[in-house]
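Written out below as C-alpha cells is the structure these notes cover.
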Amino acid sequence: MSNLKILVGCKRVIDFAVKPRVNSAKKAVETANVKHSLNPFDEIAVEEALRLREKLGNNIVKEIIALTCGPPKAQEQLRTALAMGADKAVHVEVGKDDSEANILQPLSVAKLFRAIIEKEQPNLVILGKQAIDDDASQTGQMLAGLLNWPQATFASKVDINDDKLTVTREVDGGLETISCKLPAIVTTDLRLNEPRFATLPNIMKAKKKPLVKYTPDQLNVDITPRLEIISVTEPPVRKGGTKVESVEELISKLKQAGL
Amino acid sequence: MSYIPNLRIGLTRNTLLKNFIIGNVGNVGRKRIISFRYFANSIESSTSGAEIPAKKHAPTKEVSFTADKYTYLHRNHNFKELTQDDIRFFASILPASGLIIDNEDDLMPYNVDWMRKYRGKSRLVARPKTTKQVSQILKYCNENKLAVVPQGGNTGLVGGGVPVFDEIIINTNNLNQIRSFDPVAGTLTCDAGCILEVLDNYLAKRGYMMPLDLGAKGSCHIGGNVATNAGGLRLLRYGSLHGSVLGLEVVLPDGTILDNLSTLRKDNTGYDIKQLFIGSEGTLGIITGVSILTPSKPKAVNVAVLGVNSFQNVQNAFVTSKNKLSEILSAFEFWDSNSLKLLKAHNIQGTKFPLEDNYPFYVLVEISGSNKDHDDEKLQNFLEELLTNEIVKDGVVAQDDTQIATLWSLREGIPEACSKAGAVYKYDISIPLSVFYQMVEDIRNRLQSAGVLGEDKLVKDVIGYGHIGDGNLHLNITAKSYDPEITNLIEPYVYEWTEQHNGSISAEHGLGLMKANYLRYSKSPSMISIMKQIKQNIDPNGIMNPYKFLPAQ
C-alpha cells in the first residue's frame, strides 16, 4: 500500500466532567451554556490516526482530515484536532448554536459523512465508538452500511499491513481479532490509546491549517430527524441509608424490610 | 462492548458512560487524577488549612509523644491538671456525645496531628454546639487555669492544632451551621466548624464560591482557616483572609463573646480587632463564627503548563501573564525538574507527562473568567507572546475539563510524592522573586559540600515548587529518615537565609509548635514584644494554646 488518507470524526459534546441535566421539556439533555469539548472517543480516534502516521511514516499516511457536523462553535473541536496534529478540517455547519433543536440523529450524520467521504476519498475512517451525549453508538455502523465498507468496531488495537487492516476488538467475553481490507471503518474503544495534549507550537500551527465549510444543502443531504424522542428522564436518586444503634434494631429493621 | 454489563445497574447510559470513562481510564490515570485534586495537594496548603480527608489514623506505627521528642518543652506547672470535678462540670454543659473523656482510642485522632508528627496527652475533648457553650467552657478553664487547645479539622502542618501536654481540646466539629447568605452582596455568615468544601458546595449552587481553596478542603474548618490565615490556591486572585473576612465572632478566654459578625465591606470605626484573630492560631480566643465575602464562581476556566529554560524566564513569564491576562489570571504555580523527577518516580500523576522534553522549570497558569471566547483569546495572545519572545520553549493547553484536572494534578501531586519518598523536611517561605530559586540552589550546594546529598546518601533530593504569584516557595528536602545531622545542616541555616533576604519563615503554614522559637528570624524584638503584650492582655493566664506561636523566651 502506498497511500493512506485517514478521516476522523470529531463531535462536539458536553464536556464529560460536566454533570448532565435533563431540560425542562424532558426531551433532551440541557446543552445551552454548558461547557462543550471534543467527544473523548473521538479524541482517541484522532490520536490513533496520529499514531498510525508516526508508525507508518509521512510517505504512507498522506493526510489526516478531521470532520465535524455541528454548529459554528464545533470549529473549536476541529481546532483541537488540528492542534493535536490533524492536517485539515472539514466542517458541515448545522444550526446556529448548541441548542437541542440542532441535535443530529446518527443516520443524518452517517449520510453527511458519506457525502464528505465521496469528496475527500479517504481509505480509512476512524470514529469514536459512540458519543458521550446520546450514547447512540450507531454512526460508524450505519456509515459502513451506506458505503458498503467493512467495519471494525470497538477497537482496542489497530494494525495496518499493506492494505490489510487488523483490529483487536473488545467484546463481552474478552478480545476478538479480525482483519479486513481497506477502505474500512474503525470505531475506537477506550483502551485503544491515551490521547496527547495539544502543545503550544502545534496550537499555533493549527491556526494556519485549512478548514473547509459545507452545509447539508450543499451536500444534498436531508437531515430531517427520523426518530421522535418521547421523553428523557434522570435516573432515580439514591436514597440515603440510616444508622442503627444496636444489633436488635438492625434485626428488626431487616425483618421489617422482609429480608 | 465492555460498558454493557454496567447497564444492568440501572443508571442512564449517559451517566454510566461517564462513570465508566472515569473508572476505566482511571486505572491508568484519569480517576486518580481527579481525586488527587481533592486530597493530594495536601501538604503545602496551610495550617488548619491543609489536607487529607481522613481524620482517623490507622493504627500503624505508634506516634511518639511530642513532649518526649522535643525535650526543650516543659509542662507549665501553673496549669491545673484535670480532676473529676472538672469532668463533672463539662458533663453539666455538654451532652455525652459532645465529650470524649479518658478513652485512649477515641482521643487518639484528636491528640495526634494528621502528619503523625506530633502527639499530645489530652484526656478530654469538648465538642460544643453553641457559642454560649464555648463561652461557658472557656470561662471555667480560665478561672481554673486549665490550658486548652482549640482544634478545627486537625489538618495543620506545624503542630498548632494538637495538644503538647494535657491541654483540653476544644474541637469545633459540632459548630457547623450556615447562618445566612446574602445572594446580592455575596456575604456568607457561618459557624466556625463548617467544612470548607461544604461551604464551597453550598455557594456553588448559588453561583458563588469560597475565596480560598486548599487540598484539605474536605476536612478543614473555616474557623481553623481563619485562625491560621490559610493561603492556598486562590490567594493570587482573591487575596488573603485579612481582606475577605468581614467579621468574626470570637470567645475570649474569660468567656466574653466578641460579636463582630459584620457583613460590611467598609467600616472605619475603631481598631480593626478581627484582624488580630486572623492568623492568631488560637492563642487569643476561639473563633466561633465567621462572615466572609465570597466571589462569584467563574464560568470559564482553563489551564496551561509550560516548559521554561531558566528561572529568569519563569519571572518573565509571570510578568507577561500579569500584563496579558491581567484580571483573568487566577493561578501561577511553578515546580522544578527535581519535583517532576520525584513525581515520575512515585508515579503520582499516573499518566504520561504532557511535555516530551525535559526543562529545568515548569509553570502552570490558570485563567478563570466569565466568557470562554474572550478568555481563550487572551490566553492565546499570552502564549503567543511567550513563544515569540522565547520565554517559553514548549507547553500544553488543556482542551477539556479532564485535561485541566490532569494538569493540576501534576502540581498537586508533588507534596504527595514527597511524602512517599521517606522523611521530608518542609519549609514554607516567602521571599522576593529575585532570589526565589537561589535558596533551593544554595541549600543544594550546602548539602552537597557536606557530602550528604545523593541517591544513596542521607539526603535524597532538594526540590522547590510553589506559588510564584504569591512569592511563596515550598522547599522540600527528602531524606531517608529524620536525622539530627540533616536538621543541623538545614536549621537554622534556612531561617537565617530567609532573614538575610527579607523573607518570612512561614508564608502560609503558620508557626504552631514547629516554628514558635524561630519567630525572631522574621520579626524584630520590638514586634515580638508587642505581640507578647497583646497576648498577656487578652489571655493573662496563658491558657490559650500554650507552648506555641510565640517564642518561650
Side-chain angles (χ1 to χ4, degrees), chain A residues 13-20 22 29 33-41 43-44 73 76-77 79-81 83-84 129-137 153-154 156 169-175 187 189-191 194-204 207 232-236 238, chain B residues 1-5 7 9-25 27-30 34 299-302 304-307 350-357 372-373 376 379-380 383-384 386-388 392-407:
Chain A
V13 298
I14 295 179
D15 190 287
F16 107 104
V18 172
K19 189 175 181 286
V22 174
V29 167
N33 297 320
V34 173
K35 174 152 184 174
H36 282 66
S37 299
L38 178 57
N39 177 33
F41 290 108
E43 211 181 334
I44 293 170
K73 281 209 166 167
E76 285 172 14
Q77 280 62 52
R79 290 287 168 207
T80 299
M84 286 173 75
K129 72 168 181 180
Q130 69 198 91
I132 62 163
D133 50 1
D134 57 15
D135 285 349
S137 190
T153 50
F154 318 130
S156 64
R169 310 177 61 227
E170 301 209 345
V171 292
D172 271 356
L175 298 174
T187 71
D189 213 322
L190 207 56
R191 273 157 293 266
E194 205 180 318
R196 68 195 63 193
F197 279 79
T199 64
L200 279 191
N202 284 339
I203 291 172
M204 301 306 162
K207 289 175 136 182
V232 175
T233 51
E234 286 184 16
R238 183 188 170 276
Chain B
M1 270 179 17
S2 32
Y3 71 92
I4 279 194
L7 283 172
I9 307 167
L11 298 166
T12 64
R13 301 181 67 164
N14 199 30
T15 327
L16 219 188
L17 181 61
K18 290 186 179 195
N19 292 338
F20 177 69
I21 290 177
I22 294 176
N24 281 275
V25 182
N27 298 333
V28 284
R30 289 187 184 171
I34 290 166
K299 289 185 185 67
V301 176
N302 209 353
V305 165
L306 315 169
T351 44
K352 193 175 92 190
F353 187 70
L355 293 176
E356 269 177 29
D357 296 327
K372 188 175 186 299
D373 297 340
D376 280 352
L379 185 64
Q380 284 293 337
L383 296 172
E384 239 165 69
L386 291 182
L387 274 185
T388 19
V392 157
K393 288 285 167 198
D394 198 0
V396 294
V397 180
Q399 302 292 318
D400 54 45
D401 285 1
T402 311
Q403 291 193 347
I404 291 177
T406 308
L407 293 180

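Note: hydrogens, waters and symmetry copies are ignored here, and every other heavy atom, side chains too, is used. Every chain is numbered from 1, with letters handed out A, B, ... down the list of sequences. Model, not experiment: these values are computed from the prediction.
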Non-hydrogen side-chain atoms of A:Ile203 and B:Gln380 separated by less than 4.5 Å: yes
Close side-chain approach of B:Leu355 and A:Phe197, heavy atoms under 4.5 Å: no
Closest approach of A:Arg196 to B:Gln403 (non-hydrogen atoms, all atoms of both residues): O-NE2, 3.9 Å
Non-neighbouring partners of B:Asp376 that pass salt bridge (Lys or Arg N to Asp or Glu O under 4.0 Å), sequence neighbours left out: B:Lys372
Derivation and outcome, side chain to side chain contact (heavy atoms under 4.5 Å, CB included), residues B:Val397 and A:Leu200: CA-CA 7 Å; B:Val397 180; A:Leu200 279 191; 3.8 Å; yes
Contacting moiety of B:Leu383, where chain A heavy atoms sit under 4.5 Å: both
Residue part contacting chain A, namely of B:Val392, when any heavy atom lies under 4.5 Å: side chain
Neighbour count above 12 (heavy atom, 6.0 Å) for B:Asp373 CG: yes
Toward chain B, the part of A:Glu76 with a non-hydrogen atom under 4.5 Å: side chain
Atom NZ of B:Lys299 with >12 non-hydrogen neighbours under 6.0 angstrom: no
Value rounded to 0.5 Å, distance of OG1 in A:Thr199 from CD in B:Glu356: 8.0 Å
Largest heavy-atom contact set with chain B, pairs under 4.5 Å, which of A:Arg169, A:Lys73, A:His36: A:Lys73
Contacting region of B:Leu306 [heavy-atom separation from chain A under 4.5 Å]: side chain
Separation of B:Thr388 OG1 from A:Met204 CE (nearest 0.5 Å): 8.0 Å
B:Asp401 side-chain N/O to A:Ala17 backbone N/O, donor-acceptor pair under 3.5 Å: no
Contacts of type salt bridge (Lys or Arg N to Asp or Glu O under 4.0 Å), residue B:Asp357, not counting sequence neighbours: none
Minimal non-hydrogen separation, A:Ser37 against B:Asp400, with atom names: OG-CB, 3.1 Å
